[in-house]
There are 4 protein chains.
Amino acid sequence: MTQERPRGRPRSPEADRAILDAAEEVLLRDGYAGLSMEKVAAEAGVGKPTVYRRWVSKAALVGDVAKRGYRAAAPEVAIPRPGPGDAARAVAHWFRSHTEAMTDPRNRALVLALTAAAAESPQDAESLYRAHTLEQHRAIVDLLRAGMDSGEFRTDADPDAVVDALIGSTLYLLLTGGAAAAPQRAEGLARALLDGIRAS
Amino acid sequence: MTQERPRGRPRSPEADRAILDAAEEVLLRDGYAGLSMEKVAAEAGVGKPTVYRRWVSKAALVGDVAKRGYRAAAPEVAIPRPGPGDAARAVAHWFRSHTEAMTDPRNRALVLALTAAAAESPQDAESLYRAHTLEQHRAIVDLLRAGMDSGEFRTDADPDAVVDALIGSTLYLLLTGGAAAAPQRAEGLARALLDGIRAS
Amino acid sequence: MTQERPRGRPRSPEADRAILDAAEEVLLRDGYAGLSMEKVAAEAGVGKPTVYRRWVSKAALVGDVAKRGYRAAAPEVAIPRPGPGDAARAVAHWFRSHTEAMTDPRNRALVLALTAAAAESPQDAESLYRAHTLEQHRAIVDLLRAGMDSGEFRTDADPDAVVDALIGSTLYLLLTGGAAAAPQRAEGLARALLDGIRAS
Amino acid sequence: MTQERPRGRPRSPEADRAILDAAEEVLLRDGYAGLSMEKVAAEAGVGKPTVYRRWVSKAALVGDVAKRGYRAAAPEVAIPRPGPGDAARAVAHWFRSHTEAMTDPRNRALVLALTAAAAESPQDAESLYRAHTLEQHRAIVDLLRAGMDSGEFRTDADPDAVVDALIGSTLYLLLTGGAAAAPQRAEGLARALLDGIRAS
DNA sequence: GTTTAATCGAGACGGTACGTCTCGTCTTCTT
DNA sequence: AAGAAGACGAGACGTACCGTCTCGATTAAAC
């Protein structure tokens, strides 16, 4: 057994939470560029090494803040399960709530921060960014595949491409400051894409 | 007349170019996080104030570097003009070459840097990022509108949403490190989207 | 009776020795500035609290290391006892061997460390430094007093001043890196001083 | 010609002074162990790099503080010049005023700090410490040599040893907290030493 | 034999300071 | 007036130690 009993004083879970809370607050207040490990530590009432012991870099910390923030918003963005009925309807519904969640200023700031972190250190991009969308990405792809199996969608469609377009367009609008237009465009996009892969 | 005669020593155009060259080199070598105004000035053989006299911030400088880099790649990405024929074909062709251009490591690095700059300072995001895609965005929207006018596409489609999806999906793949998969997915996406808005 | 019976697990004498050994080794290797309680604990294979349980500070630990080191060199520096004969000869002999012992690189490093500790925290200086010389200081003063009683030395001389000069000059040479010159100068100094207080 | 014209903005002499002032104040208030480059910079209203640009280490800074402090006290400690008359009297007079100056709490603190610095980094000891006493050391040695030439002192005496004893004993008393006893002992020591080398 | 209590190692804790780097501004002399 | 050079005040970087604390695990004397 890899029992691996931990030695020494265990890490304080309160410190974990205090740091994440502080980081989120700083992020929302000062943005990604305005976030420093020093400020986070001070705000959390924690020593700098206590922060570095848990997160090796600003990027990693921001990643976890965004992850937690997204998880908190998760209930609003129900991940649909393949059912007997209308796959297109389910996808459209998910996309609508996903877009709405992303339009929330709080989530928008977190996504921006996450993108900054990912773009700054490309080697972390995969783990940082995709980790947050992977679960949903897969769920929607599954949904589309089920639709293909049931004859609702064309079998030569590329479900990954469709999902990339859905998530990517929202990200693009967020980044370019066009978040306000997102909900309307989301409708049009979902309709066009799903019509485009619908079996004739 | 407000002739606006400049006084004193005129600004050296060589310094402009030297700074942009140095910034691009540093960007490709060390990434956005590894770029400092100090390093750029040193690499360009120029004093720091000379850099700050032209670009107020790292973000602005990176923006111009990306703009110049994109312009250099522009010949490969011909912006299509509305013509009599097949609008869908024209859009698909543009998207293919756009995706290919973005897949080039050099361009990828510049886009990543641009994204980092935009995400770091949201207030600059609009000017920074959209400036580079606006021209193309408009051209493709025009193309789609022409297609709608000619009866090729449905009139209730949202051309902006379509273009957001095209550009956004590529950006998303770039950011998440999935650039390699881009060309294949681009095909599927273009087909699905254009089919989706095609007049029945 | 305040019998003061200890309860619980007794302190490990091995830890005591391991810590002193480690501290001495670190001191000789890295000097006083390079000695940290952390390093000592690690080198001794001991937990930090085990060190702090015994020595409240770096200065106290270094003091004990120096004391032990000096004690080890003690056999070479025989402390003279007042005898019937030549007091001046006895003092000169003690001073010669004292100087020689101090010239040894090992002892020199320990004295330097001790001085650093004393100078850093003046309130500990008395206890730290003088503790190591007090015994000898007294012995030599006694020797001089005996010489005064026996008529060998002038009765108006200040034996403390003489001993301060003997010990202080050696310390001064050690501190200023002139240790190499110490033995020769010691001869001249002892002669001058003892001649100076000799009864005419 | 090694004309060596300095380029760029010259170093601010005000910063130099502000740093030295701050360092001296911190030293007198908190002692050597309580002095940090950070505190000095803050107290001087100066950035940390501005301190490090001038002094590579705490030891070097403390050295210059002590040097300046000693220079300020120099008028009180007149360095005697060889004259026609009584060399012994001149040496005794110098030693008395030197001891008195060292007994002043301000100077005592500086000497302690200097000693701590020297003892902490033995490789700097020579330059750090002796620099402050070298001038006087030489002057007194010259005085003694003149006395030997004039027949006042024995020609087989070691003037360096005598001066080491004078300076060293004061240092020893300072370090061990016996500064209060210094003046009285100084009298006895000077008499004994000078009598000891006097030509019979 | 069981308590009981102080020890042990390990290592996290809130902190302070380190010495370096970059920021964007300034001051100097040269062109 | 713009150039390069480089110092400036400011402050973040990531690391090393400080001295204290919390762990589970010995270890021995007291019961």
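So you know, we letter chains A, B, ... as the sequences are listed, proteins then strands, and number each from 1.
Within the 4.0 Å cut-off from OP1 or OP2 of F:dT26, not a single side-chain nitrogen or oxygen of C:Arg11 is found. Phosphate proximity of F:dG3 to B:Arg53: present, with a side-chain N or O under 4.0 Å from OP1 or OP2.
Nucleotide F:dA4 holds its C1' atom 6 Å from the CZ atom of D:Arg7, rounded to whole Å. Per the geometry, NZ belonging to D:Lys58 stands 16 Å off P belonging to E:dT16, to the nearest Å. For the pair D:Leu61 CG and E:dG19 P, the computed distance is 11 Å after rounding to whole Å. With rounding to whole Å, D:Glu120 atom CD is found 15 Å from E:dA17 atom P. Remark: P of F:dA1 and CZ of B:Arg54 are 16 Å apart, rounded to the nearest angstrom. Residue B:Trp55 contributes atom CH2, which lies 15 Å from atom P of E:dC23 at whole-angstrom precision.
Within the structure, salt bridge (charged side-chain N to carboxylate O under 4.0 Å, His left out) pairs that include any residue of residues 110-120 of chain C do not occur (at least two apart or interchain).
Partners of B:Lys39 according to the salt bridge (Lys or Arg N to Asp or Glu O under 4.0 Å) rule, which considers only residues two or more places apart in sequence or in another chain, are B:Asp30. Residues satisfying the side-chain hydrogen bond (donor to acceptor under 3.5 Å, both in side chains) criterion with C:Glu43, sequence neighbours excluded, are C:Arg29. Looking at residues two or more places apart in sequence or on another chain, you find a salt bridge (Lys or Arg N to Asp or Glu O under 4.0 Å) between C:Glu24 and C:Arg68, C:Arg106. In this view, B:Lys48 and B:Glu38 satisfy the side-chain hydrogen bond (donor to acceptor under 3.5 Å, both in side chains) rule, not counting sequence neighbours.
Residues C:Thr115 and C:Tyr32 form no side-chain contact, since every pair of their non-hydrogen atoms from C-beta on lies 4.5 Å or further apart. In this structure, the side chains of D:Trp55 and D:Ile19 come closer than 4.5 Å at one or more pairs of heavy atoms.
In terms of position on DNA chain F, the residue among D:Gly8 and D:Ser12 whose nearest nucleotide sits closer to the 5' end is D:Gly8. Both C:Pro10 and A:Pro10 lie close to DNA chain E; mapped to their nearest nucleotides by heavy-atom distance, the more 5′-ward contact belongs to C:Pro10.
Using a 4.0 Å cut-off on heavy atoms, the residues of residues 19-50 of chain B that approach DNA chain E are B:Ser36, B:Met37, B:Glu38, B:Lys48, B:Pro49, listed by number.
At the heavy-atom level, C:Ser57 lies nowhere under 4.0 Å from the strands shown.
In this model, a side-chain donor or acceptor of C:Arg9 finds a partner on the base of F:dT26 within 3.5 Å.
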